[in-house]
Each structure stands twice: as C-alpha cells, then as structure tokens.
J.: 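Dropping the structure in here first, questions after.
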Amino acid sequence: MKFIYNLEKKEANTKARLGSFEYNKVKYETPMFMPVGTQATVKTLSPEEVRGLGSGIILANTYHLWLRPGEDIVSLAGGLHKFMNWDGPILTDSGGYQVFSLANPKDISEEGVKFKNYLNGDNLFLTPEKSIAIQNKLDSDIAMSFDECPPASASHEYMEKSIKRTLRWAKRGKDVHNNPNQMLFGIVQGGPYEDLRKFSAEETVKLDFDGYSIGGVANDGESKKYMYDAIDFSIPYLPEDKLRYLMGVGDPIDLIEGSIRGIDIFDCVIPTRLARHGHAYTKYGKINVKNAKYKEDFSPIDKTCDCYTCKNYTKAYIRHLIVCEETFGARLLSIHNIRFLIKLMEDIRESIKNDNILELKSEFIKNYYGGNYEEK
RNA sequence: CCGGGAUUGGUGAAGUGGCCUAACACGGCAGAUUGUGGCUCUGUUAUUCAAGGGUUCGAAUCCCUUAUCUCGGC
C-alpha cells in the first residue's frame with residue numbers, strides 16, 4: 001500500500017535528514033537500511049527474525065520472482081506480502097540490475113533487454129512494460145522503474161545515450177503502471193558525470209514519481225569518490241518531500257556518508273553474503289570468523305552488539321559451523337550482520353536528532369578502521 | 001626364514017635419467033565480495049620424492065644398505 005513520507009528534521013551541519021512514514025499503523029523512520037530478500041526471503045532468516053532485527057522495508061527482486069515461481073503464482077497467493085508472510089513494506093527491484101549483471105551491452109535495445117535465463121538457458125526479453133506489469137502483480141508497495149545500470153567504465157558518450165533511454169523507459173513504465181496500491185520510483189543514472197547526473201535527475205523528476213533513487217554506484221568496484229560524487233551530483237535536483245534511495249549500498253561507512261549526503265534508504269546484499277562466507281562486522285572492523293585464530297575464541301563476535309547471535313554464541317562455535325558449512329552458521333552471522341547495519345542506522349538517526357552526525361562518523365572511523373582510513 | 005611388489009605434501013596421487021626449484025585435485029592458510037547465481041573468484045601451501053650411501057655432466061627416476069608396508073612359499 002502507499003504511504004506518505006514526512007521530512008521531520010534536517011541535521012544542522014550536513015545534508016542528512018530524518019524522516020518517517022506510517023505503514024500498516026506502524027511508524028518507520030529514515031534513514032533506514034533494507035535487507036535484501038531476492039527470492040521472497042532474506043536468505044536463511046524467517047520474517048519474524050528479520051522483523052526482530054529492526055528492519056523496515058525489505059527488498060525483493062522482479063527478475064527472480066518472474067522466473068520462479070512466476071508472478072501469477074504470487075498473485076494467486078494474494079500478493080507478495082501474503083505469499084512470504086511479511087506484513088511490513090516491500091520494495092521490488094525492477095530487474096535493471098540484472099541488465100548489468102546478466103546481459104551484454106549488445107542485448108540492450110530501445111525495446112528492452114534480451115536475457116538468458118540463468119536457470120535453463122531460455123531466451124528471455126524484459127521490457128519496461130513487462131517489468132512494471134510483473135511488479136503490479138507481485139503487489140509490492142514500491143515498484144522500481146526498469147533502468148539500464150551501465151558499468152562504471154562506460155564512457156560519457158555511452159552514459160548519455162543510456163540515461164536518455166532509461167528516461168524513455170521510465171516514462172513507458174509509468175504509463176502502464178496500474179496498481180493503485182503501489183508506488184513507483186524513478187532512477188537517476190549518469191555515472192560519475194556531473195552534467196549527466198543533473199540532467200538525469202531533473203528529467204526523472206519531471207516525470208513525477210513517488211520517490212527517487214540513485215543507481216549505478218555499487219556494481220563494478222566503483223571507488224568511494226565515484227559513489228559520493230554521484231550522490232552529490234544528483235541530490236540537489238531531487239524534491240525534499242520524496243524518499244531518496246541509494247541502490248545497492250552497502251558498506252557501513254557508505255551508510256554514514258550516504259546519510260550525510262541526504263539519502264533516506266539503502267539496500268545491500270553484502271551483510272547476508274558476507275555472512276554466508278563467514279565474515280562479520282564488528283565495532284572494530286570486519287573480521288573473518290573462519291580465521292584459525294578464532295578456533296579457541298569463546299567470546300562473542302562483538303561484545304558491544306545486542307543481537308541474538310552475540311548474546312548466545314561464541315566465535316569458536318560459529319567458526320566451527322561455517323567451516324562445516326552448516327546453515328546455522330550462515331543464519332547466526334546473517335542475524336548479526338543485518339543487526340549491525342540496522343543498529344548503525346539507529347545511531348545515525350539519533351545523531352541527526354542531536355546534530356552530531358559528523359562526530360558519529362569520526363568516532364566510527366576511529367574504531368572501525370583503527371586509523372587506517374583514508375578519505376578519498 | 002625364502003621369493004616378489006611397494007614407499008612422492010595434510011590427503012588422493014602424476015611423474016620411469018635433463019623442459020621436476022615435482023602436474024592435477026581435495027584439504028589448509030589468507031584475501032575478495034555493495035539494486036544476490038547460497039554460485040564464485042584471487043593468492044598461497046613439497047627447493048623436495050622413506051633414510052643413508054653410490055653411479056652419472058645430470059637422479060623422484062639406475063645400483064647398494066637399512067627401515068616400514070604388502071603378497072606368496074616353508
């Protein structure tokens with residue numbers, strides 16, 4: 001269902017902003033971090049657990065649900081919320097990222113994008129109209145426009161061509177969007193180019209979406225500067241009364257830097273992917289729990305963490321689970337890593353209320369990087 | 001006791017005189033991972049071939065001794 005974003009407060013020293021919205025009689029605050037549940041599940045976790053971590057919106061993926069089980073089945077189930085037993089807000093990504101990750105440039109045409117079904121090799125064709133139709137049926141609360149997500153290495157010339165086509169796709173998607181309970185967000189692209197970001201942002205806003213996102217900053221090993229520039233070049237042209245969503249981010253420091261620049265929503269697969277590979281965030285930096293030095297370490301991952309994992313399990317035990325490829329290990333680390341990011345967002349919101357987000361940032365850097373962080 | 005076969009890293013093993021400072025795989029150690037392919041990727045891991053001696057310009061590869069394992073005979 002739709003909800004209204006309220007801008008509550010601007011931080012005194014930065015562009016950071018505190019906001020909120022009400023959904024299903026529950027109040028949610030921004031900036032927030034969305035856990036990713038590509039295939040209608042946050043990998044290894046139950047909805048109750050995801051909720052318990054303090055999650056707000058969660059993200060699901062149009063492309064994956066289109067292939068399996070198919071939008072008709074989700075629709076038959078009564079929509080994505082009922083299907084996956086999640087009563088909070090859901091945002092669906094449009095499949096635009098898969099244009100980057102699963103298709104070649106030559107497969108992209110004005111009409112849409114040719115894909116190979118990664119499951120069975122079938123030829124697939126996704127268009128803006130198709131993406132929106134699928135999302136309408138999935139019945140998520142926020143649908144994303146179908147965009148091209150060009151690689152960071154794209155030239156100014158290609159990028160300009162690409163953002164103009166993405167704008168035409170955005171318009172086509174908006175024209176066919178017909179779920180009255182669903183919002184639709186536009187996506188700003190333009191790589192690291194100031195003129196293109198400005199153009200993309202202004203033109204996207206003219207199409208009048210329910211919210212706006214900044215894309216193309218976290219898919220190709222872009223530098224921090226690339227990402228921060230992309231945000232800085234886009235934000236000034238986005239309306240204050242709409243949500244701003246930075247797609248695919250991310251890294252704890254990026255959540256802080258993004259918030260400082262005026263971002264309201266983030267999403268990222270990294271906490272759960274790192275968890276599956278045995279890595280964990282801590283106040284004093286990221287650790288690899290598989291490291292031999294934790295064999296006999298019977299202390300929690302992070303003494304300062306309030307999550308279920310840290311309150312009940314030791315590094316030695318989790319290491320054992322990860323080494324043995326027991327799914328419970330991935331579960332415990334997913335719980336911890338998501339909680340770590342959500343707690344960070346809670347701290348960020350608190351710092352916006354107190355007008356001291358820059359202090360939070362320097363304190364975080366001091367602890368997390370131990371003085372080895374270079375601002376680029 | 002006699003005769004035959006064997007012995008290469010943590011594991012399975014390739015290699016039968018020079019391209020062996022020893023293939024490949026697994027494991028180990030470490031790193032990567034940003035709108036999720038639970039896939040994966042990248043480093044690294046035996047200067048040494050059971051031990052010792054010999055032949056040779058050159059030996060994991062040939063010879064001898066010892067040790068251990070194994071098969072057959074008494």
Side-chain angles (χ1 to χ4, degrees), chain A residues 33-45 57-65 67-68 90-103 115-121 131 135 140 142-150 152 166 185-189 211-224 226-228 230-231 245-255 257-258 263 265-281 286-295 319 322-331 333-334 337-338 341:
Chain A
F33 175 77
M34 300 191 292
V36 176
T38 301
Q39 315 212 57
T41 171
V42 178
K43 294 184 195 301
T44 75
L45 303 183
I57 311 177
I58 61 169
L59 181 147
N61 193 291
T62 299
Y63 174 81
H64 296 268
L65 295 175
L67 300 188
R68 287 189 306 201
I90 300 175
L91 178 150
T92 40
D93 189 25
S94 62
Y97 181 74
Q98 280 64 40
V99 176
F100 159 75
S101 66
L102 299 171
F115 288 101
K116 278 260 187 272
N117 181 332
Y118 77 98
L119 298 167
N120 60 18
S131 173
Q135 295 185 75
S140 56
I142 302 172
M144 297 303 302
S145 291
F146 185 67
D147 65 330
E148 182 191 357
C149 186
T166 286
F185 280 24
I187 302 176
V188 177
Q189 291 285 356
Y212 298 92
S213 61
I214 296 171
V217 299
N219 52 33
D220 208 16
E222 295 87 347
S223 66
K224 301 284 188 205
Y226 183 108
M227 179 189 298
Y228 303 155
I231 301 169
Y245 159 33
L246 183 65
M247 307 185 82
V249 176
D251 198 32
I253 187 64
D254 294 338
L255 299 182
E257 293 285 9
I263 298 295
I265 316 178
F266 305 84
D267 82 282
C268 194
V269 305
I270 206 66
T272 43
R273 179 180 292 162
L274 286 178
R276 272 176 262 124
H277 295 181
H279 294 72
Y281 296 121
K286 197 178 73 178
I287 66 169
N288 185 347
V289 185
K290 280 171 79 177
N291 283 178
K293 64 183 169 188
Y294 299 122
K295 250 180 207 170
R319 175 182 189 278
I322 294 290
V323 167
C324 297
E325 295 178 37
E326 285 289 346
T327 54
F328 191 46
R331 233 158 81 71
L333 288 181
S334 293
N337 284 346
I338 291 176
L341 295 187

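Chain naming here is simple, since letters A, B, ... match the order of the sequence lines and numbering starts at 1 in each.
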J.: Roughly how far apart, to the nearest Å, are rG53(B) and rC20(B) at atom C1'?
T.: 23 Å

J.: For rG5(B), which nucleotide in any strand shown is its Watson-Crick or wobble partner with both distances under 3.5 Å?
T.: rC69(B)

J.: If you take the centroid of each ring, where Trp contributes its six-membered ring, are Y97(A) and Y63(A) closer together than 6.0 Å?
T.: no

J.: In whole angstrom, give the distance that lies between atom CD1 of I265(A) and atom C1' of rU34(B).
T.: 17 Å

J.: Can you tell me, in whole Å, how much space there is between the C1' of rA67(B) and that of rU11(B)?
T.: 23 Å

J.: Output yes when a side-chain donor or acceptor of E222(A) lies under 3.5 Å from a complementary backbone atom of N219(A), and no otherwise.
T.: yes

J.: Provide, to the nearest angstrom, the distance between the OH atom belonging to Y228(A) and the C1' atom belonging to rU34(B).
T.: 11 Å

J.: Can you tell me, in whole Å, how much space there is between the C1' of rA23(B) and that of rG15(B)?
T.: 8 Å

J.: Are the side chains of I231(A) and I263(A) in contact, using a 4.5 Å heavy-atom criterion?
T.: yes

J.: Determine the Euclidean distance between corresponding P atoms of rA22(B) and rG9(B); express it in Å to zero decimal places.
T.: 14 Å

J.: Check whether N288(A) reaches the backbone of H279(A) with its side chain - one donor and one acceptor, N or O, closer than 3.5 Å.
T.: no

J.: Could you check how far CG of D267(A) sits from C1' of rU34(B), rounded to whole Å?
T.: 9 Å

J.: In whole angstrom, what separates M34(A)'s CE from rU34(B)'s C1'?
T.: 13 Å

J.: With RNA chain B as reference, determine whether A292(A) or G96(A) sits nearer its 5' end, using the nearest nucleotide of each.
T.: A292(A)

J.: Using modelled atom types only, decide if a donor and an acceptor are shared between the side chain of T41(A) and the backbone of G37(A) within a distance under 3.5 Å.
T.: no

J.: Taking pairing as Watson-Crick or G-U wobble with both contacts under 3.5 Å, can you name the mate of rG58(B), or confirm there isn't one?
T.: none

J.: Looking at the base of rU33(B), is there any donor atom on it, or on the side chain of H279(A), that sits under 3.5 Å from an acceptor on the other one?
T.: yes

J.: Less than 4.0 angstrom between a side-chain N/O of N288(A) and OP1 or OP2 of rA30(B), yes or no?
T.: no

J.: Measure the CG-CE distance between D93(A) and M34(A) for me, rounded to the nearest 0.5 Å.
T.: 8.5 Å

J.: What nucleotide among rG37(B), rU33(B), rA30(B) has an atom nearest to a side-chain atom of N291(A)?
T.: rA30(B)

J.: Roughly how many Å is it from CG in D93(A) to C1' in rU36(B), rounded to a whole number?
T.: 11 Å

J.: Counting any heavy atom closer than 4.0 Å, what does Q98(A) reach on the DNA or RNA strands: base, sugar-phosphate only, or nothing?
T.: sugar-phosphate

J.: By the 4.0 Å heavy-atom rule, please label D251(A) as base, sugar-phosphate, or nothing.
T.: base

J.: Y228(A) and D254(A): side-chain donor and acceptor closer than 3.5 Å?
T.: yes

J.: Determine the contact category for N61(A): base if any of its heavy atoms lies under 4.0 Å from a base atom, sugar-phosphate if only primed atoms, P, OP1 or OP2 are that close, otherwise nothing.
T.: sugar-phosphate

J.: If you measure only the distance, is there a donor-acceptor pair under 3.5 Å linking the side chains of T92(A) and Q135(A)?
T.: yes

J.: In Watson-Crick or G-U wobble terms, both distances under 3.5 Å, what is the partner of rC20(B)?
T.: none

J.: With a 4.0 Å cut-off on heavy atoms, is I187(A) in touch with a base, just the backbone sugar-phosphate, or nothing at all?
T.: base

J.: Write down the distance separating the C1' atoms in rU36(B) and rA32(B), rounded off to the nearest Å.
T.: 16 Å

J.: Over all strands shown, is S213(A) touching base, sugar-phosphate only, or nothing at heavy-atom distances under 4.0 angstrom?
T.: nothing

J.: Would you say S334(A)'s side chain and A275(A)'s backbone share a donor-acceptor pair under 3.5 angstrom?
T.: no

J.: Counting any heavy atom closer than 4.0 Å, what does G95(A) reach on the DNA or RNA strands: base, sugar-phosphate only, or nothing?
T.: nothing

J.: I'd like the C1' distance from rG54(B) over to rG72(B), given in whole Å.
T.: 32 Å

J.: Give L119(A) one of three labels, base, sugar-phosphate or nothing, depending on what nucleic acid heavy atoms sit under 4.0 Å from its own.
T.: nothing

J.: Is the phosphate of rU33(B), meaning OP1 or OP2, less than 4.0 Å from a side-chain N or O of N219(A)?
T.: no

J.: So, the side chain of S213(A) versus the backbone of G186(A): is there a donor-acceptor pair under 3.5 Å, distance only?
T.: yes

J.: Taking atom types as they are modelled, is there a donor-acceptor pair under 3.5 Å from the base of rU34(B) to the side chain of D254(A)?
T.: yes

J.: Please tabulate, one pair per line, each protein N/O and nucleotide N/O from nucleotides 39-41 of chain B that are separated by under 3.5 Å, including the distance.
T.:
none

J.: Which nucleotide, if any, forms a Watson-Crick or G-U wobble pair with rU36(B), using both distances under 3.5 Å?
T.: none

J.: Measure from the side chain of Y97(A), starting at C-beta and using heavy atoms only, and say which of rU36(B), rG28(B), rG38(B) lies closest.
T.: rU36(B)

J.: For a quick check of understanding: with a heavy-atom distance under 4.0 Å over all strands, which category does L246(A) fall into, base, sugar-phosphate or nothing?
T.: nothing

J.: Roughly how many Å is it from NZ in K43(A) to C1' in rG37(B), rounded to a whole number?
T.: 8 Å

J.: Give a yes or no on whether the backbone of D147(A) and the side-chain of S145(A) come within a donor-acceptor separation of less than 3.5 Å.
T.: no

J.: In whole Å, what separates the P atom of rA46(B) from that of rU55(B)?
T.: 31 Å

J.: For rU11(B), which nucleotide is its Watson-Crick or G-U wobble mate, given both distances must be under 3.5 Å?
T.: rA25(B)

J.: Using whole Å, what does the distance between atom P of nucleotide rA32(B) and atom NZ of K290(A) come to?
T.: 13 Å

J.: Please check the phosphate of rG37(B) (OP1 and OP2 only) for any side-chain N or O of Q39(A) closer than 4.0 Å.
T.: no

J.: Using Watson-Crick or G-U wobble geometry with both distances below 3.5 Å, tell me the partner of rC41(B), or none.
T.: rG31(B)

J.: Calculate the interatomic distance between F33(A) atom CZ and rU36(B) atom P; express it in whole Å.
T.: 12 Å

J.: What distance, rounded to whole Å, do you find between the two P atoms, one in rC1(B) and one in rA59(B)?
T.: 36 Å

